[in-house]
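Data first, discussion second: the structure below is written as structure tokens.
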Amino acid sequence: MAILAPSILSADFAKLGEEIRKTDEAGADYIHIDVMDGLFVPSISFGMPVIKSVRKTTQKPFDVHLMINEPIRYIKEFKESGADILNVHVEACSDVEATLKAIRAEGMKPAITLKPATPVSEVEPYLSMVDMVLVMSVEPGFGGQKLIPETVEKVRQLRKIIDDQYPGVLIEIDGGINFVNVSDIVEAGADVIVAGSAVFGSNTEEMTKKFKSII
Ligand code: DX5
Ligand code: ZN
């Protein structure tokens, strides 16, 4: 069974705590939290004060996806806000190794993330330092986009590398995942499924349960 990480980017922010509680009670495993800086990606979402405030609504691990330049500047602040897993983009760090080590030193799980056009070879040197690798299946920046099919091949590639050399490292995939394509993605080797608009679109409880029953 795969892990479900609903992305709150698509939730109604006017009732964010309530929406998180609903997905938690319906079986969400992690809560996926997208932080955007308007530089690494064109959009701006939210930051530490929001994370800190929703930390009180659930015990589930916070899987924080940082779409920000040089995330090493804010690692302590994300720890203090309640992050458990910290995903950093390989494209956004001038010193990836130092960034991953700093995350581990703060007691969080480091994860490395790659954009659709970035080859797997760019993250391979860091697989021994992370707990998870996040394959972006859309251009990061916005919820509700269509999955880029070629990115599923990267999941297959990583599955093989990880099974051979780095057992225990999880493969997460994020962007455009829905009830139609999720089975193929799990079959390709993904361990953690992020879903935003497909979970928070209408009935959060029902959609969460439906995902859990498929994956
Ligand atoms: C995009 C974010 C995703 C997004 C997923 O930059 O990283 O987590 O919220 O949303 P959907 O599932 O709607 O593509
Ligand atoms: Zn994300």
Side-chain angles (χ1 to χ4, degrees), residues 2-13 16 19-20 23 26 28-47 50-51 54 60-69 71 78 81 83-92 108-118 123 130-152 154-155 170-186 190-204 206-208 210-212 214-215:
I3 292 167
L4 180 65
S7 161
I8 61 168
L9 191 62
S10 294
D12 179 350
F13 290 169
L16 190 51
E19 286 295 294
I20 292 174
T23 197
D29 300 290
Y30 298 166
I31 305 298
H32 186 84
I33 299 180
D34 292 301
V35 177
M36 305 176 187
D37 66 354
L39 293 168
F40 180 70
V41 290
S43 192
I44 297 175
S45 55
F46 48 73
V50 172
I51 301 175
V54 295
K60 299 284 166 74
F62 274 5
D63 169 32
V64 178
H65 176 192
L66 297 181
M67 284 162 273
I68 67 176
N69 282 331
F78 281 108
S81 308
D84 298 288
I85 303 164
L86 214 52
N87 288 284
V88 295
H89 271 265
V90 67
E91 307 90 353
M108 294 177 287
K109 294 182 173 175
I112 190 83
T113 309
L114 68 167
K115 295 209 268 188
T118 304
V123 295
V130 297
D131 285 33
M132 186 159 83
V133 53
L134 166 57
V135 175
M136 284 309 296
S137 40
V138 297
E139 273 311 321
F142 302 94
Q145 304 180 74
K146 208 172 162 319
L147 177 136
I148 301 166
E150 294 75 32
T151 58
V152 181
K154 283 196 209 170
V155 173
L170 296 175
I171 302 173
E172 179 173 45
I173 181 162
D174 178 10
I177 297 169
N178 56 41
F179 298 114
V180 177
N181 60 22
V182 71
S183 303
D184 287 349
I185 289 162
V186 171
D191 302 294
V192 183
I193 303 294
V194 177
S197 46
V199 166
F200 292 107
S202 50
N203 184 331
T204 303
E206 198 185 307
M207 296 302 130
T208 304
K210 193 168 166 190
F211 260 115
K212 283 300 291 180
I214 303 175
I215 65 171

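Note that the structure is predicted; figures quoted are calculated from it, not measured. All ligand and atom numbering here is 1-based and tracks the order in the structure. All residue numbers in this chain count up from 1 along the given sequence.
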Once you round to the nearest 0.5 Å, how far does [atom1] of [X] lie from [atom2] of [Y]?
{"X": "L9", "Y": "S43", "atom1": "CG", "atom2": "OG", "answer": "7.5 Å"}
{"X": "I177", "Y": "I185", "atom1": "CD1", "atom2": "CD1", "answer": "4.5 Å"}
{"X": "L66", "Y": "N87", "atom1": "CG", "atom2": "CG", "answer": "7.5 Å"}
{"X": "I8", "Y": "L16", "atom1": "CD1", "atom2": "CG", "answer": "4.5 Å"}

Less than 4.0 Å between a side-chain N and a carboxylate O, is that true for K212 and D29?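 Yes, D29 and K212 are salt-bridged.
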Where the Zn ion (ligand 2) is the vertex, angle from H32 NE2 to D34 OD1 to 10°: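 About 90°, to the nearest ten degrees.
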Angle at the Zn ion (ligand 2), ND1 of H65 to OD2 of D174, rounded to 10 degrees, please.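 That angle works out to 90° after rounding to 10°.
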What protein heavy atom lies closest to [atom]? Include the residue and the distance to one decimal.
{"atom": "atom 6 (O) of ligand 1", "result": "G141 N, 2.7 Å"}
{"atom": "atom 12 (O) of ligand 1", "result": "G196 N, 2.8 Å"}
{"atom": "atom 10 (O) of ligand 1", "result": "G143 CA, 3.6 Å"}
{"atom": "atom 9 (O) of ligand 1", "result": "S7 OG, 2.8 Å"}
{"atom": "atom 1 (C) of ligand 1", "result": "F142 O, 3.5 Å"}

In terms of atom number and element, which parts of ligand 1 are under 4.0 angstrom from non-hydrogen atoms of [X]?
{"X": "G175", "value": "14 (O)"}
{"X": "L9", "value": "9 (O)"}
{"X": "M136", "value": "7 (O)"}
{"X": "H32", "value": "8 (O)"}
{"X": "G176", "value": "11 (P), 12 (O), 14 (O)"}
{"X": "H65", "value": "7 (O)"}

Just so I know, are the side chains of [X] and [Y] near enough to count as touching, which here means a heavy-atom distance under 4.5 Å?
{"X": "T23", "Y": "V199", "result": "yes"}
{"X": "I68", "Y": "V35", "result": "yes"}
{"X": "E91", "Y": "L114", "result": "yes"}
{"X": "H89", "Y": "T118", "result": "no"}

Which residue from D63, T113, D174, L147 reaches closest to atom 3 (C) of ligand 1 through any of its heavy atoms?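 That would be D174.
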Part of S197 within contact of ligand 1 (heavy atoms, under 4.0 Å):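 Both backbone and side chain.
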Got an N/O contact under 3.5 Å between D34 and ligand 1?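 Looking only at distances, the answer is yes, because the N/O contact criterion of under 3.5 Å is met.
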Polar contact flag for I177 and ligand 1 (N/O pairs, less than 3.5 Å):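 The answer is no, given that I177 and ligand 1 share no N or O pair closer than 3.5 Å.
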With a cutoff of 4.0 Å, is A195 in contact with ligand 1, counting heavy atoms of the residue only?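 It does; at least one heavy atom falls under 4.0 Å.
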Could you tell me if D34 and H32 have a donor-acceptor pair between their side chains, going purely by distance under 3.5 Å?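 The answer is yes; a qualifying pair exists.
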Within the supplied structure, the quantity of interest is the number of heavy atoms (other residues, nucleotides, ligands) at a distance under 6.0 Å from K60 NZ; does it exceed 12?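 Atom NZ in K60 is crowded, with more than 12 foreign heavy atoms closer than 6.0 Å.
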